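Quick notes on the structure that follows.
Owing to the predicted nature of the structure, the values given are computational and were not obtained by experimental measurement. Below, read A as the first sequence line, B as the second, and so on, with proteins coming before strands; counting in each chain starts at 1.
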2 protein chains.
Amino acid sequence: MSVMTGGKLKLVQAALRLITESRSLTSLGLRELAREAGLNPNTFYRHFRNLDEFGLQVLGYIAEEMKTGVRELRRMAESSDQASRETVAFVYHYFLNNAAATTVAVRELHGPSPVLRRALENQLDASAREMAEDIIERRLVPGVDDATVHEISHMTIRYILFRAMDYIEKPDQRDRIQLETEHFINRQFRGALVESLPPETIARWASKN
Amino acid sequence: MSVMTGGKLKLVQAALRLITESRSLTSLGLRELAREAGLNPNTFYRHFRNLDEFGLQVLGYIAEEMKTGVRELRRMAESSDQASRETVAFVYHYFLNNAAATTVAVRELHGPSPVLRRALENQLDASAREMAEDIIERRLVPGVDDATVHEISHMTIRYILFRAMDYIEKPDQRDRIQLETEHFINRQFRGALVESLPPETIARWASKN
DNA sequence: CCCCCATGTAGACGACTGTATACTTTTGCG
DNA sequence: CGCAAAAGTATACAGTCGTCTACATGGGGG
């Protein structure tokens, strides 16, 4: 399962290549894949039962890629305590360097195949849980209860993933995207601290500081 | 342009029907469309030059639908001043009643066709601008500057659209989605009020109230 | 060494696709 | 009504697709 070689790898990589050139995983054809990979169409059957199974394997492949990225991220976040700014920069650079995987994830998360959608949702939920637990364990946002941290993590993971797509496609907006992401995160966590208070009270207090 | 009739309408509606049954606009076939609409394949050519033009027309069709929805929403928001809760409920019910259009929008916003993506982005940006201007004019969040209101509106519109997809597909989670959406909005605007203050200061103050 | 099994190739099949040309029906207007 | 344009249909063609069966290669373990 773990390491792919030969034709199998070639086919998966061909899929990633085609998808970045504005295609969708679900719309790829067997022959098209083989053509792009430089293989005979029938070679496909030596590695996959059908296109559905292929899709899942591609998802597994990119999930593996993403996991190593997350691991790096956590290792880096451990060393710095002012997480936000550099962390956001790091994350977007990571997505940029894994544009193909990112594109697949974003496309299929809202794509037509229910199976792939569920698989991706589970993957994202798992990442969100990890992120939340890290935040809670390291007491990064004291004053916010655990359930809320989980909720915010869930939103943030998705927000970043979608913005990563823009980040990849619109180089001229990268600074803005990074900045808005920081705003997003800051507002969510700061907002959570004063969630139960009426806006007027907050505004009055804030204007005095 | 305005009113569709006969075969043209049938084809567009057939597309919406197929898309809700887990398909993507870009992946629809000419013959498939005609079959679903109960028409001869060649009738398609009487109304559309090719499938790309068809896609754009479908988008225009649902954009028209959405616009009337937004108009209703603004009319309703005018009458109540505690916007948030009922507004959110209203919005999700609207999306639920226009499931096909919602699905198309979400699918194609991250779909493989750059043309459709741009068209949808512009549509969403326009809606976000309208929303922001409403909020600013009615002074719903004093203490937050205009640029920030625009930024938050932009995020919120997208957040709600994506959650609307879940809302449609997962009936058992509808209450939770509605609640989390309220949280999202509240945290964004409240967070914006205290954006520039260090979290510790906020937490200390909040714990005293 | 040889054999075997995994991997890759060749050719063919029926089904489906987008499109062109030609014909029929329906519709709206003077 | 009469007739022209619009809308819908029939048939056909070349291309692509997924899949099947049969055959070729080639590298590692007995």
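Looking only at side-chain heavy atoms (C-beta outward), A:R174 and A:L96 come within less than 4.5 Å of each other. Using a 4.5 Å cut-off on side-chain heavy atoms (C-beta onward), A:F95 and A:M165 make no contact. In this structure, B:Y167 and B:T102 have side chains that are not in contact, with every pair of non-hydrogen atoms separated by 4.5 Å or more.
A side-chain donor-acceptor contact under 3.5 Å links B:R107 to the backbone of A:G111. Put simply, the side chain of B:D146 never gets that close to the backbone of B:V149: no donor and acceptor are under 3.5 Å apart.
Put simply, CZ on B:F44 is 12 Å from P on C:dA20, counting in whole angstrom units. Atoms CG (B:L39) and C1' (D:dA10) sit 15 Å apart, rounded to a whole Å. Taking atom CG of A:L28 as the reference point, atom P of D:dT16 lies 17 Å away to the nearest angstrom. Atom-to-atom, CG of A:L30 to P of C:dC16 comes out at 18 Å; the value is rounded to the nearest Å. Going from atom CG of A:L51 over to atom P of D:dT16 covers 18 Å, rounded to whole Å. Taking atom CZ of residue B:F48 and atom C1' of nucleotide C:dG18, one finds them 16 Å apart after rounding to whole Å.
Nucleic acid contact class of A:R35 (heavy atoms, under 4.0 Å, all strands): sugar-phosphate only.
Annotation: proximity of residues 19-27 of chain B to DNA chain C (heavy atom, distance under 4.0 Å) is found for no residue.
For A:T43 and A:R31, each mapped to the nucleotide of DNA chain C holding its nearest heavy atom, the one lying further toward the 5' end belongs to A:T43.
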Produce the list of close N/O pairs, under 3.5 Å, pairing protein atoms with atoms of nucleotides 22-27 of chain C; give distances to one decimal.
{"unit_1": "C:dA22", "atom_1": "N6", "unit_2": "B:R46", "atom_2": "NH2", "d": "3.4"}

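Residue A:Y45 places none of its side-chain N or O atoms closer than 4.0 Å to OP1 or OP2 of D:dC20. Between D:dG8 and B:H47, a contact under 4.0 Å exists linking OP1 or OP2 to a side-chain N or O.
Considering B:F162, B:Y159, B:F189 in turn, B:Y159 is the only one that fulfils the ring pair (Phe, Tyr, Trp, His ring centres under 6.0 Å) rule with B:F184.
For B:K170, the salt bridge (Lys or Arg N to Asp or Glu O under 4.0 Å) criterion is met by A:E121, B:D166, not counting sequence neighbours.
For the pair A:R85 and A:E182, the salt-bridge criterion is met [side-chain N within less than 4.0 Å of a carboxylate O].
Distance from the side chain of A:N40 is smallest to C:dT9 among C:dG8, C:dT9, C:dT19. Of the candidates C:dT19, D:dC17, D:dT19, the closest approach to any side-chain atom of A:E32 belongs to D:dC17.
B:D145 and B:T148 share a donor-acceptor pair across their side chains, judged by distance under 3.5 Å alone.
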